[in-house]
Amino acid sequence: MSPFRKILIANRGEIAVRVARTCRAMGIPTVAVFSEVDREALHVREADEAVAIGPAEARHSYLNIATLIAAAQRTGAMAIHPGYGFLSQNADFADAVAAAGLTFIGPPGPVHHAMGDKQGARRLMAAAGVSVVPGYDGDDQQDSTLAAEAARIGWPVMLKPSRGGGGKGMRVVRSAAEFAAALAQSRRESTAAFGGDVMVLERFVARTRHVEVQVLADGHGTTLHLHERECSIQRRHQKVIEESPSPGLDAAQRVTLYAAAVAAARAAHYVNAGTVEFLLDPEGRFYFLEMNTRLQVEHAVTEAVTGLDLVRLQIQVAAGKPVVLRQEEIVTRGHALECRVYAEDPDHDDLPSPGRILFFAPPEGPGIRTDSGIATGSEVTVDYDPMLAKVVTWGRDRTESIERMRAALARTAVLGVVTNLSRLQAILAHPAFGRGELHTGFLDEHLADFSRPQPPPPEALTAAIAALQRSRLSSKGPGAPTAADPWASLGAWRLA
Amino acid sequence: MSPFRKILIANRGEIAVRVARTCRAMGIPTVAVFSEVDREALHVREADEAVAIGPAEARHSYLNIATLIAAAQRTGAMAIHPGYGFLSQNADFADAVAAAGLTFIGPPGPVHHAMGDKQGARRLMAAAGVSVVPGYDGDDQQDSTLAAEAARIGWPVMLKPSRGGGGKGMRVVRSAAEFAAALAQSRRESTAAFGGDVMVLERFVARTRHVEVQVLADGHGTTLHLHERECSIQRRHQKVIEESPSPGLDAAQRVTLYAAAVAAARAAHYVNAGTVEFLLDPEGRFYFLEMNTRLQVEHAVTEAVTGLDLVRLQIQVAAGKPVVLRQEEIVTRGHALECRVYAEDPDHDDLPSPGRILFFAPPEGPGIRTDSGIATGSEVTVDYDPMLAKVVTWGRDRTESIERMRAALARTAVLGVVTNLSRLQAILAHPAFGRGELHTGFLDEHLADFSRPQPPPPEALTAAIAALQRSRLSSKGPGAPTAADPWASLGAWRLA
Amino acid sequence: MIRLLWGETELEVDPRAAASLDVRPLGPGTFVLRRGDAIETFHCVRDGDAFHLFWRGAAYRLEELGEGHRAAQRHATGALEAPMPGKVIAVRKAAGELVVKGEEILIVEAMKMENAIRAPRDARVKRIAARVGDMVAPGAVLVELE
Amino acid sequence: MIRLLWGETELEVDPRAAASLDVRPLGPGTFVLRRGDAIETFHCVRDGDAFHLFWRGAAYRLEELGEGHRAAQRHATGALEAPMPGKVIAVRKAAGELVVKGEEILIVEAMKMENAIRAPRDARVKRIAARVGDMVAPGAVLVELE
């Protein structure tokens with residue numbers, strides 16, 4: 001028996017595709033939603049029904065609570081999966097879904113409310129005895145108060161929107177002189193992305209690792225951890241490469257970390273899948289960073305090492321079923337890596353690179369999983385997050401998963417937009433990465449002057465011109481291509 | 001350090017692609033070989049070099065020992081991976097490769113010789129105390145002797161070429177009247193496929209399971225088992241669906257079975273990866289069937305449950321490295337299924353269906369792996385085995401892997417040739433399959449009159465005509481497609 | 001009406017119904033159909049006068065029939081055709097011989113499997129239209145019975 | 001010679017050398033090159049006057065330059081261009097104001113990230129060519145400095 005007759009997926013891109021796939025395996029029909037620019041997007045094709053929800057601008061479509069609930073009601077969806085980003089951590093949305101008699105696949109509103117803003121979460125965790133980074137989480141949000149608190153904490157200071165995630169609006173401020181401009185910019189970004197501009201300040205600790213624990217609670221008294229992920233490779237405070245297990249933890253640290261994560265989840269009265277993020281300083285001390293009350297982008301590495309399907313578990317928990325797994329049954333095997341492929345130009349300060357995907361071929365092979373939101377012909381617009389796909393590899397050990405990832409990245413062909421694939425390859429090839437010597441400043445330390453693109457080798461250019469010549473020849477020839485060369489006429493397809 | 005500077009893959013299709021992928025992850029360049037009709041085949045594209053080895057007919061190309069060794073020498077390949085089929089179990093080939101100073105990735109010639117023919121293998125196993133199916137494995141191969149022995153064994157009798165595999169030339173003979181014609185046909189097929197026509201007779205036991213154990217021996221004294229696979233779903237004695245673990249074994253049977261397999265491998269002085277096949281009768285008794293001295297088609301299910309890369313292990317063992325795994329480290333997790341997609345028409349007596357692949361989209365999603373030998377545009381010729389691809393799913397338990405397989409098969413789009421996908425779907429949907437009640441006569445018992453193809457629903461036909469209309473419209477329009485509809489002109493691509 | 005042949009079955013489609021559908025191409029061979037909220041991604045590829053369709057997990061081959069075209073009489077009485085492309089590897093009977101129902105007349109090999117062409121009824125062989133070694137195309141008449 | 005532009009760099013290809021290569025199409029956007037035994041599968045897609053190439057794990061965008069065509073002077077002195085398509089969300093300076101090197105002049109948002117257009121040197125603003133809310137295309141001149 002399917003737990004829900006139909007599920008609406010209130011998201012787009014790779015996560016909407018990925019959620020739809022688990023639903024399909026479970027025999028649950030799905031409803032996609034799409035904004036005007038996403039009418040032909042990949043996530044729409046994966047669904048059984050698709051409802052237009054408004055213009056490109058997210059706040060009028062993917063962030064429009066009333067429209068999403070109306071779409072669910074019209075199509076008879078019994079539950080809504082929010083994915084990540086957008087409304088996934090929005091307490092009002094979770095409440096509104098419940099008020100409409102539907103099931104929100106995620107924690108209930110009060111949990112989002114308590115943990116969804118960093119300010120409240122820091123206070124709750126400190127009260128529960130989980131250590132937090134020294135900082136400021138007060139209600140007085142005047143610019144002058146924040147500037148004074150920043151000076152008290154000591155430079156550099158990390159500026160974080162109390163709401164939000166994904167690195168948006170986060171900034172390291174290195175001196176009092178920079179503070180006012182940085183605060184204003186973070187507040188603007190925060191307002192645009194999350195609809196609020198309350199800020200939290202934290203001491204910026206250099207050379208820290210970002211380590212997080214996946215948790216799962218069923219609301220019937222069971223709260224489990226699904227081991228950790230390390231996400232220290234970041235760019236602009238946005239995760240780029242994640243892995244599990246972390247190469248920076250020993251067995252004793254793991255025990256402590258898992259216990260802290262479960263304690264945090266219990267303190268938050270957590271239900272469904274969530275993530276407790278920690279900062280691990282060079283001395284091996286943990287600090288609670290925040291709790292993400294949703295599925296993470298990087299959940300696939302946990303799936304690879306634990307063998308669990310987190311979306312399936314989310315759906316079962318949302319349906320009120322107790323989790324039958326015991327903690328000791330959740331064991332990891334091998335090592336998994338995830339590389340996020342972004343439409344950003346690593347040679348030009350990571351400028352977004354929207355455009356049409358003229359060719360996309362995901363890598364294939366044993367131990368490789370690609371979760372993609374694009375296909376050849378997809379349009380990458382300026383309206384949404386520039387993440388195109390996640391390449392996930394699994395291996396018996398970290399060496400094998402790195403080997404597989406390097407082979408996979410070299411076969412990930414994306415044409416039409418500029419991607420960060422060259423930087424991902426450089427990171428994977430770096431000796432310090434191979435040794436597992438990771439910290440959140442890894443890219444600045446090791447690859448700050450990475451940007452030295454090499455021109456295509458002469459042989460490649462000649463081959464490309466030959467390819468175009470062949471295409472032209474045959475497109476000048478008589479109408480239909482011959483059986484011997486059926487593809488010739490396609491070589492030249494123009495995408496204006 | 002790579003164990004070999006370069007490897008030649010003496011095969012084609014999905015297995016050549018699959019071997020090349022592990023080589024790539026290991027950083028080892030590969031050399032593909034191709035017959036005249038395979039010049040553009042997928043396996044060629046996966047390699048770094050590709051050598052033409054002759055005409056379509058396999059005995060002049062993929063079975064031509066001298067040509068293959070010359071190709072390896074010319075390109076500087078240090079080792080040859082034979083894949084499965086073709087020369088993979090050919091003792092002369094293994095010997096010739098070694099004599100040429102190259103490494104054969106598989107057991108040495110004498111092992112192939114001893115185990116590669118069923119006659120010798122039966123005798124060796126009986127001598128080593130492993131039980132074999134009652135039958136005849138004598139040297140006297142006169143038709144009259146075989147007929148008399150068949151009568152002595154009792155009808156029905158299974159007729160098997162002493163050399164060979166893949167079900168070719170195997171036949172169940174139900175009465176003396178059928179025997180002569182069946183023997184002649186099996187001998188012809190055996191000669192064509194394996195170059196010899198010595199036959200073995202075995203009592204045909206109804207409602208048996210086919211269970212096999214993957215073994216791995218390193219030549220330094222370590223012989224390990226990698227658990228079992230069940231391959232009872234067969235058509236024309238050819239495996240169609242395989243899984244691991246077997247749903248028909250209890251813990252005590254597993255212990256016995258693994259011990260028998262390891263004993264068999266040791267008796268054969270086995271080196272490298274191999275498979276010991278058993279027949280499990282309805283009373284739970286095992287009989288040795290044969291030993292396959294090569295990688296199996298279905299090795300991917302073992303990889304899915306053990307997490308081991310068998311091709312990597314094969315290469316390491318061939319390079320003389322000891323296997324560092326301990327038996328107790330080789331544990332299975334969850335359940336894996338493999339479905340073989342054949343270019344055969346299940347509605348017309350499984351007639352082969354060669355042709356051009358006009359469209360191929362492998363299924364995607366968590367827990368799905370597709371090993372394919374084709375891409376859109378590939379030519380499936382009459383010259384080789386009709387297997388196009390293997391769809392492999394993994395799940396936490398058999399229920400989840402079946403769910404995932406059903407979703408995967410429904411998304412495996414192959415156009416241009418007829419495939420057995422409709423039958424695979426029918427098997428997966430059958431309650432007896434779901435209950436794990438498998439035996440080698442499963443298809444005859446449950447799906448003998450499966451062939452009731454339904455016409456496409458009217459809605460589908462109308463949509464198809466609409467798709468063709470759109471294609472025509474735009475191809476009549478002005479030259480370049482518009483940005484809004486860049487694909488329109490491709491909808492109509494003709495493949496003459 | 002557009003007339004289509006699926007196997008031996010003739011089917012009809014109203015081209016105006018097709019023209020009014022919301023079907024759009026998404027990539028080579030891939031299309032999406034929308035009817036209200038319902039959405040269906042399908043694959044369709046033209047192949048000469050035929051086309052291939054993948055719809056909800058099933059593949060179909062369809063032939064478009066022109067004006068006044070009739071489905072070919074595929075099985076003229078007494079004619080046995082090659083069921084698939086392949087090579088004739090054995091001929092068991094000659095013209096004038098009698099065959100009983102189920103008896104092998106010749107054998108075509110493809111993809112390393114032998115496929116016997118057997119008598120569908122008791123009859124006398126009128127003509128054997130293939131020799132050992134011949135490559136034959138599907139539908140080629142191999143044997144005529146009286 | 002065929003002249004190509006890769007970023008700001010001009011490259012040349014001998015069309016006869018290309019014509020003599022063994023390059024064959026394998027599928028949409030996919031080609032195979034053979035030189036002796038060596039084989040290389042690569043991807044190449046045309047896009048107006050440009051084409052995109054995927055070769056040994058790296059992607060390149062190249063523009064074909066016509067006869068006598070010169071690479072455009074992309075950075076006219078004093079003109080600041082939009083680095084990517086996006087929306088102008090803030091304008092900090094007006095014509096006539098002085099700016100110091102590194103100072104924000106305006107902010108373009110795309111994919112939810114803000115990108116500041118900063119003064120490359122101390123200068124006086126001659127013209128601001130965009131207003132808050134404008135959607136701008138890459139290369140569009142946003143600011144002119146004196």
- request: For B/R340, enumerate each residue passing the salt bridge (charged side-chain N to carboxylate O under 4.0 Å, His left out) test, keeping only those at least two apart in sequence or located in another chain.
  value: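 Per chain and number, B/R340 pairs via salt bridge (charged side-chain N to carboxylate O under 4.0 Å, His left out) with B/E242, B/E298, B/E338.
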Would you call [X] and [Y] a salt bridge, using N to O less than 4.0 angstrom?
X	Y	answer
C/R124	C/E97	no
C/K87	C/D134	no
B/R12	B/E14	no

- request: Could you check C/R92, C/K93, C/R118 and say which one makes a salt bridge (Lys or Arg N to Asp or Glu O under 4.0 Å) with C/E103?
  value: C/K93
field: Under 4.5 Å from a heavy atom of chain C, the part of B/E459 involved
entry: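 Contact with chain C is through both the backbone and side chain of B/E459.
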Part of B/P458 lying under 4.5 Å from any heavy atom of chain C: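 Answer is neither: B/P458 stays 4.5 Å or more from chain C.
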- request: Would you kindly say whether B/D38 and B/Y62 are connected by a side-chain donor-acceptor distance under 3.5 Å?
  value: yes
field: B/Y342 versus B/S353, side-chain donor and acceptor atoms under 3.5 Å
entry: no
B/T462 side, atom OG1; B/Q469 side, atom CD - distance, nearest 0.5 Å: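 Going from OG1 on B/T462 over to CD on B/Q469, the span is 9.5 Å.
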- prompt: Considering only heavy atoms, which portion of C/V23 lies under 4.5 Å from any heavy atom of chain B: side chain, backbone, both, or neither?
  reply: both
- prompt: For C/A58, is it the side chain, the backbone, both or neither that has a heavy atom under 4.5 Å from a heavy atom of chain B?
  reply: neither
Just give me the residue among [options] that pairs up with chain B most often, heavy atom to heavy atom, under 4.5 Å.
options	result
C/L21, C/T41, C/I89	C/L21
C/D22, C/L53, C/L62	C/L53
C/H43, C/R56, C/E104	C/H43

statement: Of the listed B/P456, B/A410, B/A361, the one with the largest count of heavy-atom pairs under 4.5 Å with chain C is B/P456
Side chain proximity check, B/L443 to B/I427, heavy atoms < 4.5 angstrom: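 The answer is yes, as the side chains (C-beta and beyond) meet within the 4.5 Å cut-off.
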Pairwise side-chain contact, C/E40 with C/W55, heavy-atom cut-off 4.5 Å (strictly under):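 Yes, close enough: below the 4.5 Å cut-off.
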task: Tabulate, in ascending numerical order, the residues of residues 413-423 of chain B having at least one heavy atom closer than 4.5 Å to a heavy atom of chain C, or enter 'none'.
output: B/A413, B/V414, B/L415, B/G416
